[in-house]
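All residue numbers in this chain count up from 1 along the given sequence.
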Amino acid sequence: MTQTTAESAARKQRAQIRVRTLRTDRWWLAPALTFAGLFLFLIYGFWAMFDRSVLAGSYIAPFSSPCLAATSCPEGARLFGFAPFGDWYTLPPGLLILAFPGGFRLTCYYYRKSYYRSWWLSPPACAVAEPHGKYTGETRLPLILQNVHRYFFYFAAIIGLILTYDAVLSFRDANGNWGHIGLGTIILVVNAILVLCYTFGCHSCRHITAGRLNHFSRHPLRYKAWTLVSKLNARHQQFAWASMVSIVIADLYVRLVAKGVINFPFA
(Lines give C-alpha, C1' and ligand atoms only; values in the text may rest on other atoms or scores of the structure.)
Protein backbone atom coordinates (compact mmCIF):
# COMPACT_ATOMS: atom_id res chain seq x y z
CA MET A 1 0.00 0.00 0.00
CA THR A 2 1.39 3.38 -0.98
CA GLN A 3 1.71 6.20 1.48
CA THR A 4 -1.07 8.16 -0.25
CA THR A 5 -3.46 5.18 -0.08
CA ALA A 6 -2.64 4.61 3.57
CA GLU A 7 -3.28 8.27 4.41
CA SER A 8 -6.61 8.17 2.55
CA ALA A 9 -7.71 5.03 4.42
CA ALA A 10 -6.73 6.60 7.74
CA ARG A 11 -8.83 9.67 7.02
CA LYS A 12 -11.92 7.49 6.47
CA GLN A 13 -11.57 5.79 9.84
CA ARG A 14 -13.03 7.15 13.03
CA ALA A 15 -10.72 8.53 15.67
CA GLN A 16 -9.28 5.65 17.66
CA ILE A 17 -9.22 5.83 21.46
CA ARG A 18 -7.28 2.92 22.93
CA VAL A 19 -8.59 3.35 26.45
CA ARG A 20 -12.09 3.95 27.75
CA THR A 21 -11.20 7.51 28.74
CA LEU A 22 -8.55 9.54 30.51
CA ARG A 23 -11.15 11.75 32.15
CA THR A 24 -11.24 11.73 35.94
CA ASP A 25 -14.43 13.76 36.41
CA ARG A 26 -17.93 12.27 36.67
CA TRP A 27 -18.50 12.34 32.91
CA TRP A 28 -21.20 9.65 33.22
CA LEU A 29 -23.47 11.81 35.37
CA ALA A 30 -24.92 13.96 32.56
CA PRO A 31 -25.90 11.06 30.25
CA ALA A 32 -27.26 9.12 33.24
CA LEU A 33 -29.49 12.01 34.33
CA THR A 34 -30.59 12.56 30.74
CA PHE A 35 -31.47 8.88 30.39
CA ALA A 36 -33.49 8.98 33.62
CA GLY A 37 -35.33 12.17 32.66
CA LEU A 38 -36.33 10.94 29.21
CA PHE A 39 -37.26 7.51 30.55
CA LEU A 40 -39.56 8.97 33.22
CA PHE A 41 -41.16 11.24 30.62
CA LEU A 42 -41.89 8.25 28.39
CA ILE A 43 -43.42 6.31 31.28
CA TYR A 44 -45.69 9.19 32.22
CA GLY A 45 -46.67 9.83 28.61
CA PHE A 46 -47.62 6.18 28.15
CA TRP A 47 -49.83 6.30 31.25
CA ALA A 48 -51.43 9.63 30.31
CA MET A 49 -52.12 8.35 26.81
CA PHE A 50 -54.64 5.85 28.22
CA ASP A 51 -55.99 7.86 31.16
CA ARG A 52 -59.45 9.32 30.57
CA SER A 53 -59.43 12.07 33.24
CA VAL A 54 -58.97 14.91 30.76
CA LEU A 55 -61.20 17.69 32.13
CA ALA A 56 -61.48 19.39 35.52
CA GLY A 57 -63.83 22.37 35.40
CA SER A 58 -62.25 24.59 32.76
CA TYR A 59 -58.85 22.89 32.97
CA ILE A 60 -57.99 20.60 30.04
CA ALA A 61 -55.17 18.05 30.33
CA PRO A 62 -52.45 19.05 27.78
CA PHE A 63 -51.65 15.45 26.79
CA SER A 64 -55.24 15.02 25.57
CA SER A 65 -55.66 18.36 23.84
CA PRO A 66 -57.12 18.84 21.30
CA CYS A 67 -59.86 16.43 22.32
CA LEU A 68 -61.57 15.37 19.11
CA ALA A 69 -63.91 12.48 19.88
CA ALA A 70 -67.47 12.79 21.20
CA THR A 71 -67.54 9.56 23.21
CA SER A 72 -64.16 9.83 24.93
CA CYS A 73 -64.09 13.63 25.30
CA PRO A 74 -66.25 15.56 27.77
CA GLU A 75 -68.11 18.42 26.12
CA GLY A 76 -66.01 21.10 27.82
CA ALA A 77 -62.78 19.53 26.57
CA ARG A 78 -63.71 19.48 22.89
CA LEU A 79 -61.90 21.96 20.66
CA PHE A 80 -64.32 24.84 19.96
CA GLY A 81 -67.10 22.47 20.96
CA PHE A 82 -66.55 20.19 17.96
CA ALA A 83 -65.83 16.47 17.92
CA PRO A 84 -64.94 15.56 14.32
CA PHE A 85 -64.29 11.92 15.21
CA GLY A 86 -67.86 11.57 16.46
CA ASP A 87 -69.18 8.68 18.53
CA TRP A 88 -67.40 5.88 16.71
CA TYR A 89 -64.05 6.57 18.37
CA THR A 90 -64.13 5.18 21.92
CA LEU A 91 -60.42 4.92 22.73
CA PRO A 92 -58.67 7.45 25.02
CA PRO A 93 -58.30 10.87 23.31
CA GLY A 94 -54.54 11.02 23.82
CA LEU A 95 -54.05 8.23 21.29
CA LEU A 96 -55.31 10.53 18.53
CA ILE A 97 -52.84 13.39 18.87
CA LEU A 98 -49.77 12.45 20.96
CA ALA A 99 -47.95 11.10 17.90
CA PHE A 100 -47.56 14.65 16.57
CA PRO A 101 -45.92 16.43 19.54
CA GLY A 102 -44.15 13.17 20.35
CA GLY A 103 -42.76 12.94 16.83
CA PHE A 104 -41.68 16.57 17.00
CA ARG A 105 -39.69 16.02 20.17
CA LEU A 106 -38.34 12.65 19.05
CA THR A 107 -36.85 14.17 15.88
CA CYS A 108 -35.81 17.48 17.51
CA TYR A 109 -32.14 18.36 16.97
CA TYR A 110 -31.52 18.82 20.67
CA TYR A 111 -33.32 15.64 21.75
CA ARG A 112 -31.43 13.67 19.12
CA LYS A 113 -28.16 14.67 20.77
CA SER A 114 -29.59 13.83 24.17
CA TYR A 115 -30.78 10.33 23.48
CA TYR A 116 -27.94 9.48 21.10
CA ARG A 117 -25.58 10.09 24.00
CA SER A 118 -27.65 8.76 26.90
CA TRP A 119 -29.47 5.83 25.28
CA TRP A 120 -27.13 4.71 22.50
CA LEU A 121 -23.85 5.99 24.00
CA SER A 122 -22.89 7.48 20.64
CA PRO A 123 -20.76 8.95 22.12
CA PRO A 124 -21.60 8.98 25.85
CA ALA A 125 -19.47 12.08 26.45
CA CYS A 126 -16.60 14.07 24.97
CA ALA A 127 -13.27 12.18 24.98
CA VAL A 128 -14.99 8.94 25.98
CA ALA A 129 -14.81 5.95 23.65
CA GLU A 130 -18.15 4.67 22.41
CA PRO A 131 -18.98 0.96 22.17
CA HIS A 132 -19.91 1.13 18.47
CA GLY A 133 -17.32 0.15 15.90
CA LYS A 134 -19.23 1.64 12.98
CA TYR A 135 -20.79 5.03 12.35
CA THR A 136 -23.20 5.88 9.53
CA GLY A 137 -24.82 8.98 11.00
CA GLU A 138 -28.37 9.63 9.83
CA THR A 139 -27.86 8.28 6.32
CA ARG A 140 -29.64 4.93 6.76
CA LEU A 141 -32.84 3.55 8.21
CA PRO A 142 -34.16 4.20 10.76
CA LEU A 143 -32.26 7.42 11.51
CA ILE A 144 -32.74 8.85 8.03
CA LEU A 145 -36.37 9.34 9.05
CA GLN A 146 -35.19 12.13 11.35
CA ASN A 147 -35.52 14.39 8.32
CA VAL A 148 -39.29 14.49 8.80
CA HIS A 149 -38.71 16.86 11.75
CA ARG A 150 -39.53 19.91 9.63
CA TYR A 151 -42.98 18.50 8.89
CA PHE A 152 -43.71 17.63 12.51
CA PHE A 153 -42.99 21.27 13.31
CA TYR A 154 -46.19 22.44 11.61
CA PHE A 155 -48.33 20.06 13.69
CA ALA A 156 -46.46 20.97 16.87
CA ALA A 157 -47.01 24.68 16.21
CA ILE A 158 -50.76 24.11 15.87
CA ILE A 159 -50.88 22.10 19.09
CA GLY A 160 -48.84 24.79 20.87
CA LEU A 161 -51.44 27.38 19.86
CA ILE A 162 -54.24 25.08 21.04
CA LEU A 163 -52.55 24.74 24.44
CA THR A 164 -52.42 28.54 24.56
CA TYR A 165 -56.16 28.63 23.85
CA ASP A 166 -56.70 26.09 26.65
CA ALA A 167 -54.68 28.31 29.00
CA VAL A 168 -56.99 31.22 28.17
CA LEU A 169 -60.04 29.04 28.91
CA SER A 170 -58.58 28.25 32.33
CA PHE A 171 -59.50 31.79 33.39
CA ARG A 172 -63.11 30.61 33.60
CA ASP A 173 -64.54 28.97 36.70
CA ALA A 174 -66.43 25.68 36.84
CA ASN A 175 -69.64 27.48 35.81
CA GLY A 176 -68.04 29.12 32.77
CA ASN A 177 -67.73 32.61 34.28
CA TRP A 178 -64.60 34.57 33.39
CA GLY A 179 -62.26 35.99 36.00
CA HIS A 180 -61.22 32.78 37.73
CA ILE A 181 -57.52 32.42 38.57
CA GLY A 182 -56.52 29.24 40.34
CA LEU A 183 -53.29 27.35 40.69
CA GLY A 184 -54.23 25.40 37.58
CA THR A 185 -54.59 28.64 35.62
CA ILE A 186 -51.04 29.67 36.48
CA ILE A 187 -49.67 26.21 35.70
CA LEU A 188 -51.40 26.02 32.32
CA VAL A 189 -50.31 29.55 31.33
CA VAL A 190 -46.67 28.90 32.25
CA ASN A 191 -46.78 25.60 30.38
CA ALA A 192 -48.22 27.24 27.25
CA ILE A 193 -45.48 29.88 27.28
CA LEU A 194 -42.70 27.31 27.66
CA VAL A 195 -44.16 25.06 24.95
CA LEU A 196 -44.40 28.00 22.53
CA CYS A 197 -40.84 29.09 23.32
CA TYR A 198 -39.59 25.56 22.69
CA THR A 199 -41.64 25.07 19.51
CA PHE A 200 -40.88 28.41 17.88
CA GLY A 201 -37.22 28.22 18.94
CA CYS A 202 -36.88 25.13 16.77
CA HIS A 203 -34.11 25.07 14.15
CA SER A 204 -36.67 24.30 11.45
CA CYS A 205 -38.73 27.33 12.46
CA ARG A 206 -35.62 29.49 12.24
CA HIS A 207 -34.95 28.23 8.72
CA ILE A 208 -38.59 28.64 7.66
CA THR A 209 -38.69 32.19 8.99
CA ALA A 210 -35.78 33.58 6.98
CA GLY A 211 -33.29 30.81 6.34
CA ARG A 212 -33.41 31.15 2.55
CA LEU A 213 -33.21 34.93 2.33
CA ASN A 214 -30.17 36.50 0.72
CA HIS A 215 -30.97 40.09 1.69
CA PHE A 216 -32.42 40.78 5.12
CA SER A 217 -32.77 44.47 4.26
CA ARG A 218 -35.46 43.63 1.69
CA HIS A 219 -37.52 41.69 4.21
CA PRO A 220 -37.53 43.69 7.47
CA LEU A 221 -40.49 41.88 9.05
CA ARG A 222 -39.07 38.44 8.36
CA TYR A 223 -35.72 39.62 9.65
CA LYS A 224 -37.29 40.74 12.94
CA ALA A 225 -39.09 37.41 13.23
CA TRP A 226 -35.85 35.58 12.48
CA THR A 227 -34.07 37.60 15.17
CA LEU A 228 -36.70 36.64 17.75
CA VAL A 229 -36.62 32.98 16.75
CA SER A 230 -32.81 33.05 16.90
CA LYS A 231 -32.95 34.28 20.50
CA LEU A 232 -35.27 31.42 21.40
CA ASN A 233 -33.09 29.01 19.44
CA ALA A 234 -30.04 29.99 21.50
CA ARG A 235 -31.85 28.56 24.55
CA HIS A 236 -33.45 25.63 22.78
CA GLN A 237 -31.94 23.10 25.19
CA GLN A 238 -33.26 24.92 28.24
CA PHE A 239 -36.73 25.32 26.75
CA ALA A 240 -36.75 21.67 25.68
CA TRP A 241 -36.30 20.49 29.26
CA ALA A 242 -38.41 23.21 30.88
CA SER A 243 -41.36 22.56 28.57
CA MET A 244 -41.04 18.81 29.02
CA VAL A 245 -41.24 19.19 32.80
CA SER A 246 -43.99 21.81 32.67
CA ILE A 247 -46.26 19.76 30.41
CA VAL A 248 -46.00 16.77 32.77
CA ILE A 249 -46.76 18.97 35.79
CA ALA A 250 -49.70 20.66 34.03
CA ASP A 251 -51.14 17.40 32.72
CA LEU A 252 -50.75 15.57 36.04
CA TYR A 253 -52.27 18.47 37.97
CA VAL A 254 -55.41 18.53 35.80
CA ARG A 255 -55.84 14.76 36.04
CA LEU A 256 -55.42 14.77 39.82
CA VAL A 257 -58.02 17.54 40.12
CA ALA A 258 -60.35 15.59 37.80
CA LYS A 259 -59.92 12.47 39.97
CA GLY A 260 -60.61 14.44 43.16
CA VAL A 261 -57.13 13.93 44.57
CA ILE A 262 -56.54 17.70 44.58
CA ASN A 263 -59.40 20.04 45.45
CA PHE A 264 -58.40 23.23 47.22
CA PRO A 265 -56.36 25.02 44.52
CA PHE A 266 -59.05 24.48 41.91
CA ALA A 267 -61.84 25.90 44.09
Side-chain angles (χ1 to χ4, degrees), residues 38 41-42 44-51 54-55 60-70 72-73 77-86 89 91-115 138 141-169 188-212 222 225-226 228-229 232-233 235-237 239-248 250-251 254:
L38 296 177
F41 180 75
L42 290 175
Y44 178 82
F46 186 79
W47 172 80
M49 189 184 302
F50 293 94
D51 184 71
V54 302
L55 180 68
I60 303 173
F63 269 59
S64 298
S65 183
C67 212
L68 304 174
S72 56
C73 297
R78 300 172 191 172
L79 183 63
F80 305 124
F82 297 106
F85 282 83
Y89 183 87
L91 297 175
L95 290 174
L96 283 173
I97 54 96
L98 280 181
F100 298 109
F104 178 67
R105 288 185 184 260
L106 181 67
T107 59
C108 166
Y109 290 101
Y110 167 69
Y111 281 117
R112 290 188 213 178
K113 183 189 79 171
S114 296
Y115 64 75
E138 296 176 346
L141 286 173
L143 297 185
I144 195 173
L145 296 178
Q146 301 281 30
N147 291 319
V148 301
H149 178 66
R150 69 195 73 178
Y151 304 110
F152 275 119
F153 164 75
Y154 296 108
F155 292 103
I158 293 173
I159 291 177
L161 295 175
I162 291 174
L163 293 182
T164 303
Y165 175 73
D166 292 343
V168 174
L169 294 182
L188 290 173
V189 169
V190 171
N191 175 63
I193 293 173
L194 291 175
V195 169
L196 289 179
C197 288
Y198 165 67
T199 303
F200 290 103
C202 167
H203 298 74
S204 294
C205 180
R206 188 169 181 262
H207 178 74
I208 292 168
T209 304
R212 306 182 73 175
R222 292 183 65 181
W226 179 85
L228 176 60
V229 171
L232 296 175
N233 181 259
R235 294 172 175 79
H236 199 47
Q237 173 180 337
F239 284 127
W241 280 101
S243 63
M244 191 177 78
V245 173
S246 72
I247 200 167
V248 169
D251 189 83
V254 174

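Of the two cysteines examined, Cys202 and Cys108, the SG atoms fail the criterion of being under 2.5 Å apart.
At distances below 3.5 Å, not a single donor-acceptor pair connects side-chain atoms of Ser65 with backbone N or O atoms of Ala61. Although no hydrogens or angles enter the test, the distance criterion places a donor-acceptor pair under 3.5 Å between the side chain of Ser72 and the main chain of Leu91. Looking only at distances, no side-chain donor or acceptor of Asn191 sits under 3.5 Å from a matching main-chain atom of Ala250.
Here Leu106 contributes atom CG and Leu42 contributes atom CG; the two are 9.0 Å apart, rounded to the nearest 0.5 Å. Separation of atoms CG (Leu79) and CD1 (Ile162) is listed at 5.0 Å; rounding is to 0.5 Å. Interatomic distance, His207 NE2 to Arg150 CZ, rounded to the nearest 0.5 Å: 7.5 Å. Here the straight-line distance linking atom CD1 of Ile193 with atom OG of Ser243 works out to 12.5 Å at 0.5 Å rounding. In this structure, CG on Leu194 lies 10.0 Å from CD1 on Ile247, to the nearest 0.5 angstrom. Atom CG of Leu169 is separated from atom CD1 of Ile60 by 5.5 Å, given to the nearest 0.5 angstrom.
Side-chain contact check for Cys73 versus Val54: every heavy-atom pair is 4.5 Å or farther apart. Contact check for His203 versus His149: no side-chain heavy atoms found under the 4.5 Å cut-off. Side-chain contact between Phe153 and Ile208: present, with at least one pair of heavy atoms (C-beta onward) separated by less than 4.5 Å. The shortest side-chain heavy-atom distance between Asp166 and Leu188 does not fall under the 4.5 Å cut-off.
Within the cation-pi definition used here (under 6.0 Å to the ring centroid, within 45° of the axis), Arg112 qualifies as a partner of Tyr109.
Of all non-hydrogen atoms in Leu161 and Leu196, the two that sit nearest each other are N-CD2, 4.1 Å. Across all non-hydrogen atoms, the minimal contact from Leu38 to Met244 is CD2-SD, 4.1 Å. Scanning both residues, Gly45 and Phe63, for their nearest heavy atoms gives CA-CE2, 3.6 Å. Of all heavy-atom pairs spanning Ala69 and Leu96, the tightest one is CB-CD1, 4.4 Å. Nearest approach of Tyr111 to Ala240, heavy atoms of both residues: OH-O, 2.7 Å. When all heavy atoms of Asn233 and Gly201 are compared, the pair lying nearest together is ND2-O, 2.9 Å.
Using a 30° and 60° split on the angle between ring planes, Tyr110 and Trp241 fall in the perpendicular class, above 60°.
Between Phe104 and the options Tyr198, Tyr154, Phe152, a ring-ring contact (aromatic ring centres under 6.0 Å, His included) holds for only Tyr198.
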Worksheet item: Tyr151 and Phe155: ring-ring contact (aromatic ring centres under 6.0 Å, His included), yes or no, with the steps?
Response: CA-CA 7 Å; Tyr151 304 110; Phe155 292 103; 9.3 Å; no

